[in-house]
Q: 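Here it is, the structure, as structure tokens.
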2 protein chains.
Amino acid sequence: MKVTAKEISKQLGVSIATVDRVLNNRANVSEKMRKRVLEKAEEMGYVPNRMASILSRKVTFHVAVVYKEYPAYFWEQIETGIAQAELELRDYGVTVHRFRLPVEAFTESPERIQEILADDTIDAVAIAALGDAISPYLKASKKPICTFNVDAQNSGRLFYVGCDYYSSGRLAAELVAKLVPAQGKVGVLLGGNHDYQAREKLQGFREGLEEFRLELCKAVRLGESDLPFQPGQQWQKEMAGLDGLYVATAELGNVAEFFSKYPKHQVAALVGHDMNDLIYKHLHTQMIAATITQDPVSQGYLAIKKLFSLMVLEDEDAKQSTITKLEIVMKNNASYYT
Amino acid sequence: MKVTAKEISKQLGVSIATVDRVLNNRANVSEKMRKRVLEKAEEMGYVPNRMASILSRKVTFHVAVVYKEYPAYFWEQIETGIAQAELELRDYGVTVHRFRLPVEAFTESPERIQEILADDTIDAVAIAALGDAISPYLKASKKPICTFNVDAQNSGRLFYVGCDYYSSGRLAAELVAKLVPAQGKVGVLLGGNHDYQAREKLQGFREGLEEFRLELCKAVRLGESDLPFQPGQQWQKEMAGLDGLYVATAELGNVAEFFSKYPKHQVAALVGHDMNDLIYKHLHTQMIAATITQDPVSQGYLAIKKLFSLMVLEDEDAKQSTITKLEIVMKNNASYYT
DNA sequence: TTGAAAGCGCTAACAA
DNA sequence: TTGTTAGCGCTTTCAA
């Protein structure tokens, strides 16, 4: 038999409203009554029905998700997770508003973000905190905010959902170390802007290599002129003679494609991040030895679910940040990541 | 504004019951009315509230989950997923009944399972189809049944949730091939009973090695007398001189522990399945180079969620089997798998 | 401090 | 074929 508040009230001979007040720690109940009800509830094994509760409270919860346009393949995976959460929570009165903004909105001209933060039809915000420029706005806002994918440590955000970039670099080091021929020379290819994530990855990679008694021979930063890749660019000269290469930027697929067109540049162990069609292809050609993913689908999903748990269900556990899994993808498990 | 059935009925000047009948494809509605309502619903962007529906239908859904006792660490991970689904679905009137049975219940004496299948307080069953003995009982039962972790192909089950063991073996081959020194000798250690899963893994491993131009030098079956591991056992003699070893049975941790105690047996690349404290420890000692997990938490979670989606929400998509991810775990991402 | 009653959105008798 | 009504379990006025 299902134990309901009504059933408890009947047994106790009090009104259902009183039972409700006790069960939800509302004011205006005598200490005696509180005890009586609590005891009975315990005895009968009462479990509240969140469905009925939400239905009757007519809750609506509008959450804005703010993230970037590129790399498209990556944010589309995040969007898959967002869609999943949306579907699961739509009965609970949750509406998701997506704001996929150009990168400038996070760096130079944050007006759009300010607007969202000021919009009072929005109950909570999940934002990929790309660029430090927006941090002050996050701090200034009184809205519940969580960060995902990229954290903003001192922005007063509720929690962060995303990976640990230091570990990410460390894992890359382990992979390169294990996949490269003994005593091979290893290098790293970095992106143009050396942001927090890039710094953490590099640091992790360095320390990870030490663990395997390898040292980093070359660290090359890609410049404006290096993209798109063509033969004869500066970075290729610098990378010459390496056996293992860690691509710490979002160019893994393009590097592999380049190597496959101009095989003389090729390295024995090519490792990097994320998954897309090109990376998938070159896991299959064995041009890429392994890639590391950070479970973007979960990141999108959890950011929204946790905001809902915390704000609507008032589950304090949701305040904890969630560090998402780093997964190793090779040729024979690549199909699970597309 | 929220679009409800009531709102539609008001706009159309018909009763809410009629709208309900159309929206749920119930009988006794004129074709004309059906059209009118459907159009209006479309126009207004009606989205049904599953919560209210379930509340009013007073649905209850009792699902039995049937699985094994050992290896304990593995089924406890499955239980984590079950618990997750339970929590998420308890509002929807779902009750989960767990039956963690000794292995004999799946092989020699399936009475307990027959009982569960005959119990008509149970609405659906999720079962790990260990052993062919139970297949006929599954087929005979008219209850909705899904299999998880281990499939029973011709049992008439609705769907399967679990990994592909062939791929699993293939991935193991890729790992051994990439981690073993060039031209190394590789072997495989098999469990006592050569069931479907073991055969698939072995087959996958064989073919996977071919892909890397390696051949399987040794395949050793563990016997009764080989457990627990001690120096001087038959399998150790057979394994002597190998550079790479794939432990296809649930003994990876114990093999590593043995090697660490008696280092002369040690191999350069030790690879196997699953995650537990011992495996975690030896990923850290580098005794184990990598292990492959099959996302047991998701298996438990999805088995129940999908049964619910299919039977209660009548979502036909849930009929599709789900093949769970194979994940590669090494030292630097092991912490995400404990 | 307590209780009565209306209602969230949907469903299921029962009537018409 | 269509409509009326009483709930599902809980919350929220409003009154006592």
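Per chain, numbering begins at 1; letters A, B, ... match sequence-line order. Computed over heavy atoms, backbone and side chain alike; hydrogens, waters and symmetry mates excluded.
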Q: When you compare the side chains of E88(B) and Y301(B), does any donor N or O come within less than 3.5 Å of an acceptor on the partner?
A: yes

Q: Starting at atom CZ of R57(A), determine the distance to atom P of dT12(D), rounded to an integer number of angstrom.
A: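 R57(A) atom CZ is separated from dT12(D) atom P by 7 Å.
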
Q: How would you label the contact of R26(A) with the nucleic acid (heavy atoms, under 4.0 Å): base, sugar-phosphate, or nothing?
A: sugar-phosphate

Q: Could you state the CZ-C1' distance from R36(A) to dT2(C), rounded to the nearest angstrom?
A: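 Taking CZ of R36(A) and C1' of dT2(C), I get 12 Å after rounding.
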
Q: Given dC8(D), is OP1 or OP2 found less than 4.0 Å from the side-chain N or O atoms of N49(A)?
A: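 No, outside the criterion.
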
Q: Taking only side-chain nitrogens and oxygens of K2(B), does any of them come within less than 4.0 Å of OP1 or OP2 of dC8(C)?
A: no

Q: Looking at F106(A), is K68(A) sitting on its ring face, NZ or CZ under 6.0 Å from the six-membered ring centre and within 45 degrees of the normal?
A: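 K68(A) over F106(A) ring: no.
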
Q: Report the distance from atom NZ of K58(A) to atom P of dT12(D), rounded to the nearest whole Å.
A: 8 Å

Q: Side chains of Y46(A) and E7(A): is there a donor and an acceptor less than 3.5 Å apart?
A: no

Q: Do you know the tightest heavy-atom contact between R157(B) and C146(B)?
A: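 Residues R157(B) and C146(B), closest heavy atoms: CB-CA, 4.4 Å.
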
Q: Which nucleotide wins on minimum distance to the side chain of V29(B), given the candidates dT2(C), dT2(D), dG9(D)?
A: dT2(D)

Q: Can you tell me if N24(B) touches the phosphate of dT11(C), counting only side-chain N or O atoms and a distance under 4.0 Å to OP1 or OP2?
A: yes

Q: Taking N and O atoms by type only, does the side chain of R50(A) place a donor or acceptor under 3.5 Å from a partner on the base of dG9(D)?
A: no

Q: Expressed in angstrom and rounded to an integer, what is the separation of D20(B) atom CG from dA12(C) atom P?
A: 8 Å

Q: Side chain of Y46(B), heavy atoms from C-beta onward: which of dC8(C), dC10(C), dT2(C) has the nearest atom to it?
A: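 Closest nucleotide among those given: dC10(C).
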
Q: So, E79(A) and Y67(A): side-chain donor and acceptor under 3.5 Å apart, yes or no?
A: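 Side-chain D/A pair, E79(A) to Y67(A): present.
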
Q: Between dG3(D), dT11(C), dG3(C), which nucleotide gets closest to the side-chain atoms of I16(B)?
A: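 For I16(B), the side-chain atoms sit closest to dT11(C).
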
Q: Do K325(A) and S298(A) have side-chain N/O donor and acceptor atoms under 3.5 Å apart?
A: no

Q: Would you say the side chain of R21(B) and the base of dG3(D) hold a donor-acceptor pair, judged only by whether the two atoms sit under 3.5 Å apart?
A: yes

Q: Classify the side chain of S53(B) versus the base of dC10(C) as yes if they form a donor-acceptor pair under 3.5 Å and no if they do not.
A: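 Looking at the base of dC10(C), it does not pair with any donor or acceptor on the side chain of S53(B) (distance under 3.5 Å).
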
Q: Could you check how far NZ of K6(B) sits from P of dG3(D), rounded to whole Å?
A: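 Going from K6(B) (NZ) to dG3(D) (P), I get 16 Å.
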
Q: Quick one: R90(A) CZ to dG9(C) P, roughly how many Å, whole number?
A: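 Rounded to whole Å, this separation is 15 Å.
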
Q: For N28(A), which contact category applies under a 4.0 Å heavy-atom criterion: base, sugar-phosphate, or nothing?
A: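 Base contact.
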
Q: Just to be sure I understand the rule, does A17(B) reach a base, reach only the sugar-phosphate, or reach nothing, if contact means heavy atoms closer than 4.0 Å?
A: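 The answer is base, as A17(B) lies within the cut-off (heavy atoms under 4.0 Å) of a base atom.
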
Q: Calculate the interatomic distance between E7(A) atom CD and dC8(D) atom P; express it in whole Å.
A: 11 Å

Q: Closest approach to the side chain of T4(B), judged atom by atom: which nucleotide of dG9(C), dC8(C), dG3(C) is it?
A: dG9(C)

Q: Which of these nucleotides, dC10(D), dT2(C), dT1(D), is closest to any side-chain atom of M33(A)?
A: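 Ranking dC10(D), dT2(C), dT1(D) by closest atom to the M33(A) side chain puts dT2(C) first.
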
Q: Looking only at side-chain N and O atoms, does S56(A) come under 4.0 Å of OP1 or OP2 in dC10(D)?
A: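 Checking S56(A) against dC10(D): no side-chain N or O falls below 4.0 Å of OP1 or OP2.
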
Q: How close or far is atom P of dC10(D) from atom CG of D91(B), stated in whole angstroms?
A: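 Checked: the CG to P distance equals 10 Å.
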
